[in-house]
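Worksheet for the structure shown next.
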Amino acid sequence: MVDGDVAPIRPALRPYWDGLSEETRRAALDKLEIVHEILTGYRDGHAELARDGEPRPPFGEGFGVSEAARCRAMAVALQQEAVGDRALQRRIANGEIKRSAPVDSTIRNWVRAWKRDGLLGLLDARSLRREQTWERIDERYRTVAELVFATLDGDRADANISELDRRIKVELKRAGHVDVSTPQRLTAEYLAHLKRGAGATTRTQRSRSLQRVSGKEHFPAIRPGQIVAIDATRADNLVYDPLLGRPFSVEILTAIDVATRVILALRVVPKSADGIDAGLLLYDICRPFSMMVEGTTISHWRWAGLPQVVDASDVAVKVGRRSVAPDFTTLQGEHHIPGVMPDAIRADHGSIFVSDHFRAILRDFGIDLLLSRGKKPTDNPHVERWHETLQRAVQQLPGYKGRNTSERGRLVAEEALVTAAELEEHLRRFVALDYHRSWHTGLVIGGEPTARTSPLELWDIMLDVTGRIDVPQRADMIYQMLPVKWGTVGVAGVEFAEMVYDGKLLDDFRNVARGQFRDDDNKVPFLVDPHDLSSIWFPHPETGRVRPVAWRGSFFTDAPMTDTIVQAVRRRVRERGGNHILSRGSAQRQILDELTELTSGPVPTDWTAKLSAAHRRVEQSRKDHEEAQAAQGATRDEATQSGGNEARTKTPHTDSPQDDVPLDILDVPWPTMRADS
């Protein structure tokens, strides 16, 4: 009583009590019974509500026992009751809870809380930290907060709680909600709760955002070649450039069969791969390879060559070649890398995969392009997981620089590095001798979930079920991956980008009639490899063979003649005065002077990366063309023309004769060419 009026000594129990869950209220009432019995001797708190056997010693004030002693006695009694509660003991055995009954100190705290706050003091605070707590924050604030935290997807730098709170208030003000007020401490807890859900770091935030849009099921690829996933990744190794004598970075292009996880093709290319690189990767996908291990000698990953039977109808060539189940008792013998013509290619929106050149190649071969959603690498998970497996291979070599600067060693650039070609050879050996022979935990067979299979084993299993795979295996298949340029052949040859190409091969085409190759003009089609401009390639209309036409100045320089370098040189020429003050002859000599200076003199720092990339592309292009020329039956001298240096030529392994291939097997209509000039 205060001043003659009734005054509350505790907060009102209702309606707050009614808003609690049944479980929370039941737990508080159980504690209340314990407190009542300790203080009064009666579980319901009054003698008139006594139950059978109450009061029992030592509970209540009538037995002359201290309150602390009563709490200890209650702890012992509760422990004995818990032993007989089988459901409670089962929860303890399952690890759901650690203790079966409260200790005496906990019971004493219950008594103190009841004396201070009544029944509300016996409520479990942990059960009150959920939604009812956030309800105290303005709903408008919570709505905007969820939108702001949804932007934390790892693309932008992380922000602290106070900055996120500022962004929320800015959005509220822009929306006209200037009267929003929130409790400071509770709001900070709420924002911390949202931050934990979004991720503490940008990498975690990116993973969480991808999980929200990732697929919930695997793609149902049921046979080899149905879906082939391709992607490019930066190699976590530095390689050595023998041209400039310096380390540089490269990228790894990989093609993986989704159904079997077999690596069908792998190429090491310079940074910023282009559409030509992507087209040549498809070229490798279609070619079967093999690798021989004899003792401690490991051969190169070799093109198995042309099949024994060639279908001259230009419909398909029946390869009839398939991998042989590996012998896991030894590495000795031949290791096969199968070839396949994919039904569809899965790739991201990288510029090389959406380029006009790559799309045109896919249209020519009737291959569908399945593009992932933007910034969703989880749409192409198989090749992304392969990039993790690559770590096991690249860490075996010197020059490993880690995935970021925190993993990089101090002497990484001072080690004896391998070249890009040696890195590619090492990765191909890893594929054939390690990855293809290892148990792949992602390959689970329905009906036999415990069966362990390797990628190459599953390829053979599926091939037995689906039957033989037909691949259009042609010796000149690589040239269908190159862009076509049209030029007029004159007395001095044909000119592209101020570079003149000529040879005896063009003698019969120096005065062609209008409409012979293309309507309305007398131009002739040539295939141009932008990675190596020392030669262009001419498909002879009578023999069907593709032969090189060398650049007139190819023997005067050893510098790599890629389109990038040529354009850079021409840009320098223009900057020095423009083409209007230079004659055609002087421009040609100046290109030669520029390239010679690049090789023998000091190299401008902004060109070193382009030169390293050019050297790698030329090296790979010459190898590809030499293989194709040898498969067509070109003589060694003819194949050497494309390289400009006979010492560079290496005759590849092939199942077909090198110099005695019948002309009629390739005497088929040339496919429709794409005109880009």
Side-chain angles (χ1 to χ4, degrees), residues 150-156 198-199 202-236 250-269 271-286 340-391 403 435 440 442-444 455 481:
T151 64
L152 299 180
D153 56 2
D155 290 341
R156 295 194 300 174
T202 53
R203 183 171 182 176
T204 306
Q205 292 167 9
R206 185 177 297 108
S207 299
R208 299 276 175 86
S209 65
L210 292 175
Q211 290 171 1
R212 292 194 293 268
V213 297
S214 61
K216 302 299 187 295
E217 296 179 355
H218 291 298
F219 186 87
I222 58 176
R223 59 179 174 80
Q226 184 179 6
I227 302 290
V228 174
I230 62 176
D231 200 5
T233 185
R234 183 70 56 85
D236 292 329
V250 292
E251 292 182 348
I252 302 173
L253 287 177
T254 310
I256 183 172
D257 180 67
V258 172
T260 63
R261 311 298 199 273
V262 165
I263 302 299
L264 298 171
L266 183 146
R267 280 182 176 245
V268 174
V269 300
K271 290 188 300 183
S272 302
D274 54 25
I276 302 295
D277 292 318
L280 293 175
L281 184 69
L282 177 61
Y283 172 57
D284 285 348
I285 293 173
C286 298
V340 68
M341 175 58 69
D343 291 344
I345 293 289
R346 164 72 78 179
D348 57 27
H349 280 78
S351 59
I352 67 174
F353 304 129
V354 298
S355 64
D356 292 339
H357 176 72
F358 186 63
R359 286 177 178 268
I361 293 175
L362 297 183
R363 284 196 301 269
D364 287 350
F365 285 96
I367 301 174
D368 296 327
L369 179 60
L370 309 179
L371 292 175
S372 305
R373 292 170 293 176
K375 299 181 180 180
K376 300 295 184 293
T378 50
D379 284 356
N380 204 4
H382 307 96
V383 70
E384 297 292 346
R385 179 60 183 86
W386 159 252
H387 292 162
E388 297 293 322
T389 305
L390 272 176
Q391 292 292 314
R403 299 183 179 181
Y435 174 77
H440 197 300
L443 299 177
V444 180
M481 311 294 176

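By convention here, the first residue in the shown sequence is residue 1.
- Every residue two or more places apart in sequence or in another chain was checked for a salt bridge (Lys or Arg N to Asp or Glu O under 4.0 Å) with Asp348, and none qualifies.
- In this structure, Tyr435 OH and Thr389 OG1 are separated by 6.0 Å, a value rounded to the nearest 0.5 Å.
- His357 contributes no side-chain N or O that, together with a main-chain N or O of Ile352, makes up a donor-acceptor pair within less than 3.5 Å.
- The shortest non-hydrogen separation linking Glu251 to Ser272 is OE2-N, 3.3 Å.
- The side-chain heavy atoms of Phe365 and Ile345, taken from C-beta on, include no pair separated by under 4.5 Å.
- No donor-acceptor pair closer than 3.5 Å links the side chain of Asp284 to the backbone N or O of Leu281.
- Side chains of Asp277 and Arg267 form no contact here, defined as non-hydrogen atoms less than 4.5 Å apart.
- Taking CZ from Arg261 and CD1 from Ile256, the interatomic distance works out to 6.5 Å, rounded to the nearest 0.5 Å.
- Residues Leu253 and Ala232 come closest through the heavy atom pair CD2-CB, 3.3 Å.
- Leu282 places a side-chain heavy atom less than 4.5 Å from the side chain of Pro342.
- For the pair Asp231/His387, a side-chain contact is recorded, criterion being any heavy-atom separation below 4.5 Å from C-beta on.
- The main-chain N or O of Gly199 is found under 3.5 Å from a side-chain atom of Gln205 such that the two form a donor-acceptor pair.
- Taking all atoms of both residues into account, the shortest heavy-atom contact from Ile230 to Ile285 is CG2-CD1, 4.3 Å.
- Scanning both residues, Leu371 and Arg346, for their nearest heavy atoms gives O-NH1, 3.5 Å.
- Between atom CZ of residue Arg359 and atom CD1 of residue Ile367 there is a gap of 13.5 Å, rounded to the nearest 0.5 Å.
- Between the CD1 atom of Ile227 and the CG atom of Asn380 there is a distance of 10.0 Å, given to the nearest 0.5 Å.
- Of all heavy-atom pairs between Asp343 and Gln226, the closest is CB-O, 3.4 Å.
- Note that OG1 of Thr233 and CD of Glu384 are 7.5 Å apart. Values are rounded to the nearest 0.5 Å.
- Within the model, atoms CG of Asp274 and CZ of Phe358 stand 12.0 Å from one another, a figure rounded to the nearest 0.5 Å.
- Heavy-atom minimum distance, Ala229 versus Val383: CB-CB, 4.3 Å.
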